[in-house]
Amino acid sequence: MLGPVILAASRSDRMRRLISAAPVTKQVVDRFIPGETVDDIVPIIEELTGRGLELTMDVVGEDITTPEQAAAARDAYLTLVDRLKELRLGERVEMSVKLSMFGQALEGGHELALANVRPVVEAAAAIGTTVTLDAEDHTTLDSMFAIHEELRKDHPQTGCVIQAYLFRTEADARRLAGDGSRVRLVKGAYKEPAEVAYQQKHEIDKAYVRVLLTLMEGEGYPMIGSHDPRLISIAQELARKAGRKPDEYEFQMLYGIRGEEHLRLAAEGHRMRVYTAYGTDWYGYFMRRLAEKPANLRFFLRSVISRG
């Protein structure tokens, strides 16, 4: 399987240097990460919302080694909130954050991450939007869920992400499916050991459907994070059986992948949110997109060959 190999490369400084230095890389990266600054991304936000889509914005970057870098990540999100306020798009654009960016892995990281993410959640609420806490590798999840629970005391609309390939996720979904919750379900994009996660695609797909059923039958707001046509069809059927209206769940897909499907679902009346990343520290995010789907890797290799 190529996925684990690519994920290993995402943590290699040598591979980072080689890939970042390749002249073709930036051209290909732009497919998934359409800008480095807020100014770069504003036209994308305006274009996508103008076409009936909603967005969740991710300022990329996870290799935080100092409290100062964590504070800078917080400030980058606060700058984004200010711009969304100017654009009057708070109701159409939310934010996704990785707590590793806010210092979770540093000494005293749980408290540091909570202190850094709280003002972002507060600022988002002030303009009518919210924040979703992205899931990272399994060792970080207890901290993430604890921070999520703490933030929901004052801002119950704060969302979180669960990953179908982890054995623990079915229990997490039952706990999180209560009234007012917002939960994004994804397959999972980190290399996890067989002791904690399913390793085969068919096992992950079956787990995804089981967890999705729990969310659809619950009292919260499911967010279906998938590009898989079969899972999208299953999600629509589960929503119908659960008696959910179109505004009681949503689909989420990555910017740069299946763009026509984004528009098709929106045109059919579904809520369709595009996960859109920007920033200069794009390497880890880009490599996980390659690992998630062989078609992404083929696209990258074809581009390297054709432009090399």
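Because only heavy atoms are used, hydrogens play no part in the values below, and waters and symmetry mates are left out as well, while side chains stay in.
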(message) Checking side chain to side chain contact (heavy atoms under 4.5 Å, CB included) between Leu133 and each of Val97, Val161, Val121, which is the one that passes?
(response) Val97

(request) Sort out for me which residue in Leu112, Asn116, Ile64 forms a side chain to side chain contact (heavy atoms under 4.5 Å, CB included) with Phe102. (result) Asn116

(message) Using a 6.0 Å distance limit plus a 45 degree cone around the ring axis, check whether Arg271 lies over the aromatic ring of Tyr221.
(response) no

(request) Using a 4.5 Å cut-off on heavy atoms from C-beta on, say whether the side chain of Asp58 contacts that of Thr276. (result) no

(message) What I'd like to find out is whether the side chain of Glu54 reaches to under 4.5 Å of the side chain of Val274, using heavy atoms alone.
(response) no

Any side-chain donor near an acceptor of the partner, [X] and [Y], under 3.5 Å:
| X | Y | answer |
| --- | --- | --- |
| Thr139 | Asp137 | yes |
| Ser100 | Glu136 | yes |
| Gln69 | Thr65 | yes |
| Arg184 | Ser96 | yes |
| Thr56 | Glu94 | yes |
| His270 | Gln236 | yes |

(request) Give a yes or no answer on whether the side chain of Arg182 reaches the backbone of Pro222 with a donor-acceptor pair at less than 3.5 Å. (result) no

Atom pairs and distances, side-chain donor-acceptor, residues 203-210, under 3.5 Å, sequence neighbours left out:
unit_1: Glu203; atom_1: OE1; unit_2: Gln200; atom_2: N; d: 3.4
unit_1: Asp205; atom_1: OD1; unit_2: Lys187; atom_2: NZ; d: 3.0
unit_1: Asp205; atom_1: OD2; unit_2: Lys201; atom_2: NZ; d: 2.6
unit_1: Tyr208; atom_1: OH; unit_2: Leu185; atom_2: O; d: 3.0
unit_1: Tyr208; atom_1: OH; unit_2: Gly225; atom_2: N; d: 3.4
unit_1: Tyr208; atom_1: OH; unit_2: Gly225; atom_2: O; d: 3.4
unit_1: Arg210; atom_1: NE; unit_2: Glu170; atom_2: OE1; d: 3.4
unit_1: Arg210; atom_1: NE; unit_2: Glu170; atom_2: OE2; d: 3.1
unit_1: Arg210; atom_1: NH2; unit_2: Glu170; atom_2: OE2; d: 3.1
unit_1: Arg210; atom_1: NH2; unit_2: Tyr198; atom_2: OH; d: 3.2

(request) Answer yes if the ring centres of Tyr275 and Phe32 are under 6.0 angstrom apart, and no otherwise. (result) no

(request) List the steps and the verdict of side chain to side chain contact (heavy atoms under 4.5 Å, CB included) for Val59 and Tyr278. (result) CA-CA 5 Å; Val59 184; Tyr278 72 97; 3.4 Å; yes

